[in-house]
Every structure is written in structure tokens, then in C-alpha cells.
Amino acid sequence: MSEQQTNMNPQGGMQGGQPGQPMPKRKSFLKRYGTFFILLAVGVAAGLIFPSIGQKALSNTLDNFKEMLSVLPPIFILLGLLDVWVDRTTMMKYTGKGSGIKGALIAFLLGSAAAGPLYAAFPFAAVMIKKGSSLMNVLIFIGAWSTTKIPLLAFEAASMGPVFMAARLGLNLIGIPLIAYLTDKSLGKAQIDEIYTLNDAERPQA
Amino acid sequence: MFTYILYGLAVVGLAVSFFKDRQKTRAALIKAWKAFENILPQLLMIFLIIGFALAIFPPETIQKVLGSGSGFWGVLAAAAIGSVTLMPGFVAFPLAAALLKSGAGYMQMAAFISTLMMVGVVTIPIERKTFGLRATLTRNGAALLFSIAVAVVMGVVMA
């Protein structure tokens with residue numbers, strides 16, 4: 001993102017940064033949230049007509065909303081700090097192409113140390129891609145985040161039993177790299193280019 | 001509990017960052033907000049849709065479909081339900097445990113939990129913003145097949 005560079009070294013802004021283009025094609029508020037407000041109106045109407053369903057729907061929605069509000073702030077703050085303080089060379093060295101098993105392990109531990117729903121992992125993954133992590137490692141990170149999060153494992157053992165948790169964990173240790181590998185291999189050059197473009201990342205020299 | 005550790009990390013990180021460089025800290029916070037706000041519209045819609053879906057098909061209905069006698073069809077149904085639902089872990093595990101007590105099978109619950117965590121049909125619009133459509137579909141498809149395999153193995157392990 002170009003505004004990051006101007007922010008990071010403000011004195012460099014004069015020699016040719018493009019100060020006037022922070023967000024390339026930002027849609028208007030109404031365009032982005034319009035569908036949500038329509039849905040909300042429909043939901044409220046339905047809730048008034050069928051109060052019992054409406055009440056349950058409200059409490060379900062609030063459950064997810066509460067989780068979002070309680071878990072997401074530190075995740076996104078850490079994401080911001082990561083983006084600003086960890087430079088591309090470091091990220092590439094530890095999790096980029098050629099970082100080998102160690103890189104995969106770092107990605108796995110990063111994902112497992114997370115808390116919070118999977119949808120919060122994608123913006124995080126975006127920063128990793130931008131900073132030069134290999135796609136394979138980013139996908140391992142996603143896999144670990146989705147299903148081997150340490151706090152959730154404890155919770156799983158408590159509610160489903162330790163055998164259930166351990167057996168599933170064992171299978172996931174095989175499944176996560178497998179899924180990452182298959183996904184990585186399924187991508188052609190066009191799709192890989194698309195991913196780099198989506199995340200404002202430089203293409204690694206092949 | 002773990003959330004508090006994350007909060008601690010974020011606060012310490014912010015403090016260190018602030019003392020080292022206020023400009024960068026400000027940039028980090030702006031980035032944090034932008035990354036969040038970028039997925040917010042989809043997220044709000046997903047919450048609403050899922051809230052209603054789970055209100056219309058409550059756990060009692062799910063229970064009937066996923067009993068331990070439901071066999072492989074039950075596994076497929078559980079995988080389908082897990083794939084299209086989104087619920088916080090603190091809701092999902094107690095629900096699975098309750099379903100188990102009221103007659104759902106381990107195989108079906110493994111399919112449900114595994115897909116719930118790994119496969120996200122409703123979050124595809126968010127995922128593809130980072131990974132593009134092809135990688136998103138491949139990852140979710142592979143995770144779905146893997147979850148079904150996990151369920152079968154778990155059915156054997158827990159038998």
C-alpha cells in the first residue's frame with residue numbers, strides 16, 4: 001500500500017510519492033453497507049411477524065457479534081503492528097519461499113497461537129502475503145488457525161473428551177499441510193498473479 | 001482467558017511501538033481499523049443470515065438428522081451443516097457435546113466440528129478477497145473431503 005511508505009518516512013514523501021491516492025477504488029458507504037441494511041430491515045420485519053424466531057435469531061446474531069467485539073480488537077491491532085514493524089526481508093527470510101520446514105513450522109505455530117474466528121485470519125494472511133510469505137506457508141497458517149488453535153483445543157477436550165480432541169489433532173497435523181499443498185498446487189500462474197495483485201504484493205522473483 | 005493474553009500482547013506491543021515511533025504506531029492503528037472495516041459489511045450480513053438460519057433450524061432439528069443411527073448420510077448431513085454455519089467455538093463445542101448426549105454419533109459430530117472450523121461457505125466472499133476464487137474453492141473443497149475422512153476415522157477411534 002502506498003500510503004504506508006509515506007507514513008513510514010515522511011521526509012521521503014516529496015520525492016515522488018503519490019500522496020493523493022490512498023484508497024484506489026473505495027466504494028461509497030451506502031454501496032458497501034446497503035445490502036446489510038436491507039437484510040437488517042427484512043430481518044426486523046420477519047422478527048416482528050414471528051417473534052419466537054426473531055428472538056432466537058437476535059440472540060444468535062448477538063453471539064457472533066459479541067465474539068467479534070471481544071476477540072477481534074487485539075488481533076487486528078497485532079496485525080497492524082506486524083504490518084508496520086516487520087519488514088519484508090524478515091518475513092521472507094522466516095516464512096518465504098525456501099524457508100523450508102522451519103518456515104512451515106513458524107506459520108503453523110503463528111496460526112495455532114491465534115484466537116478468534118477463521119474470518120479474522122484472512123486479513124492477517126493478506127499481510128503475510130504482502131510481506132513475502134510463501135503461499136504454501138500462508139495456507140498452513142490458515143489451516144492451523146482454522147482448527148488447531150490452542151485455546152479451542154482445551155475447550156474441545158473439556159466438552160468432547162481428551163481422546164476425541166487428541167485424535168482429531170493428530171489427523172489435523174496431517175491434513176493441514178496436505179490441504180495447503182493441494183491448494184497451492186492447484187493454482188496456475190494467472191491465479192497466483194491474481195493473489196499477489198489482490199494483496200498489493202510484489203511478485204517474488206522466480 | 002487466552003483472549004486476555006492476546007489483549008496483553010496487543011497492549012504491550014502498542015506501548016513499545018508508541019515509545020519507539022509514534023508515527024508508525026498511528027499507521028499501525030489505521031491499518032488495523034482498515035483491515036477490519038474492509039471485512040465488516042460482509043461480516044454483518046453473515047451474522048444476520050446465520051442468526052436466522054439457526055433460529056429456523058434449531059439444534060433440536062439438527063439432532064434428529066444427526067443421530068448415531070444416521071450413519072454415513074448423517075455424516076454427510078453434518079458436514080453440510082458444519083460447512084454452511086458459522087458459530088463461535090464457545091457455542092459450537094457445548095452444542096456438539098449436548099448433541100452427543102442426546103443421541104448424535106461421534107462420527108457425525110466429528111464431521112460437524114471439523115467442517116465448522118475448516119470449511120466456510122458463508123465466508124467465501126471474505127476469503128476470496130485475499131486468496132482469489134480458485135484457491136478459496138480448492139481449499140474449502142479439500143477441507144470438506146478431509147473432514148469427511150476425519151469423521152470416518154473418528155467413528156472408528158471412538159467406537
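When heavy atoms are compared at a cutoff of 4.5 Å, L62(A) does not approach chain B at all. For a residue to count as touching a neighbouring chain, one of its non-hydrogen atoms must lie under 4.5 Å from one of that chain's; by this rule L118(A) touches chain B with the side chain only. Neither the backbone nor the side chain of S147(B) comes within less than 4.5 Å of any heavy atom in chain A. For Q191(A), the part lying near chain B is the side chain, with the backbone staying farther off; criterion is any non-hydrogen pair under 4.5 Å. Within the 4.5 angstrom heavy-atom criterion, atoms from both the backbone and the side chain of V150(B) approach chain A. With a threshold of 4.5 angstrom between heavy atoms, N172(A) approaches chain B through its backbone and through its side chain. With a threshold of 4.5 angstrom between heavy atoms, L79(A) approaches chain B through side-chain atoms but not through N, CA, C or O. Heavy atoms closer than 4.5 Å to chain B are found in the side chain of I142(A), but not in its backbone. With a 4.5 Å cut-off on non-hydrogen atoms, I46(B) does not touch chain A at all. Interface remark: I75(A) contributes side-chain atoms only to the contact with chain B (heavy atom separation under 4.5 Å). The contact between L100(B) and chain A is made entirely by side chain atoms (from C-beta outward), counting heavy-atom distances below 4.5 Å.
Judged as a side-chain hydrogen bond (donor to acceptor under 3.5 Å, both in side chains), not a single pair has a partner in residues 43-57 of chain A (not counting sequence neighbours). Among residues at least two apart or in separate chains, salt bridge (Lys or Arg N to Asp or Glu O under 4.0 Å) pairs with a member in residues 123-138 of chain B are E127(B)-R139(B).
For the set G143(A), A57(A), G80(A), the count of heavy-atom pairs under 4.5 angstrom toward chain B peaks at A57(A). Chain A forms more heavy-atom pairs under 4.5 Å with one residue of A110(B), G120(B), A98(B), G8(B) than with any other, namely A110(B). Considering only heavy-atom pairs separated by less than 4.5 Å from chain A, the leading option among I113(B), L29(B), V153(B), L9(B) is I113(B). Per-residue counts of heavy-atom pairs under 4.5 Å with chain A were compared for T138(B), T130(B), L40(B); the largest is that of T130(B). The greatest number of non-hydrogen atom pairs below 4.5 Å with chain B, out of F50(A), F37(A), W145(A), W85(A), is found for W85(A). Options P41(B), A32(B), A97(B) differ in how many heavy-atom pairs under 4.5 Å they form with chain A, and the most are formed by P41(B). Interface summary for chain A: among W33(B), F47(B), F36(B), the most heavy-atom pairs under 4.5 angstrom belong to F47(B).
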Practice prompt. Show your reasoning for whether side chain to side chain contact (heavy atoms under 4.5 Å, CB included) applies to L152(A) and M117(B).
Written response: CA-CA 10 Å; L152(A) 266 191; M117(B) 298 176 120; 3.2 Å; yes
Worksheet entry | Full working for side chain to side chain contact (heavy atoms under 4.5 Å, CB included) between M160(A) and M158(B) | CA-CA 11 Å; M160(A) 305 298 288; M158(B) 303 301 293; over 6 Å; no
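A side chain to side chain contact (heavy atoms under 4.5 Å, CB included) with K31(B) is found for exactly one of D83(A), L81(A), L82(A), namely D83(A).
What you find for A167(A) and V157(B) is that their closest heavy atoms are CB-CG1, 4.1 Å. Listed here is the closest heavy atom pair of F146(B) and L171(A): CZ-O, 3.3 Å. Taking all atoms of both residues into account, the shortest heavy-atom contact from N60(A) to A55(B) is ND2-N, 3.5 Å. Nearest heavy-atom pair, A135(B) versus I195(A), reported as atom, atom and distance to 0.1 Å: CB-CD1, 4.2 Å. Residues I50(B) and N64(A) come closest through the heavy atom pair CG2-ND2, 4.1 Å. Minimum interatomic distance between Y119(A) and I39(B) (heavy atoms only, all atoms of both residues): O-CD1, 3.9 Å.
Among residues 73-86 of chain B, the residues having any heavy atom closer than 4.5 Å to a heavy atom of chain A are, in sequence order, L86(B).
Taking CD1 from I49(B) and OG1 from T61(A), the interatomic distance works out to 10.0 Å, rounded to the nearest 0.5 Å.
Other residues, nucleotides and ligands contribute more than 12 heavy atoms inside 6.0 Å of the CG atom of L48(A). More than 12 heavy-atom neighbours from other residues, nucleotides or ligands sit within 6.0 angstrom of CZ on F36(A).
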List the atom pairs, with distances to 0.1 Å, where a side-chain N or O of residues 40-47 of chain A and a protein N or O form a donor-acceptor pair under 3.5 Å, not counting sequence neighbours.
none

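Looking at heavy atoms from C-beta onward, Y33(A) lies in side-chain contact with L44(B) at the 4.5 angstrom threshold.
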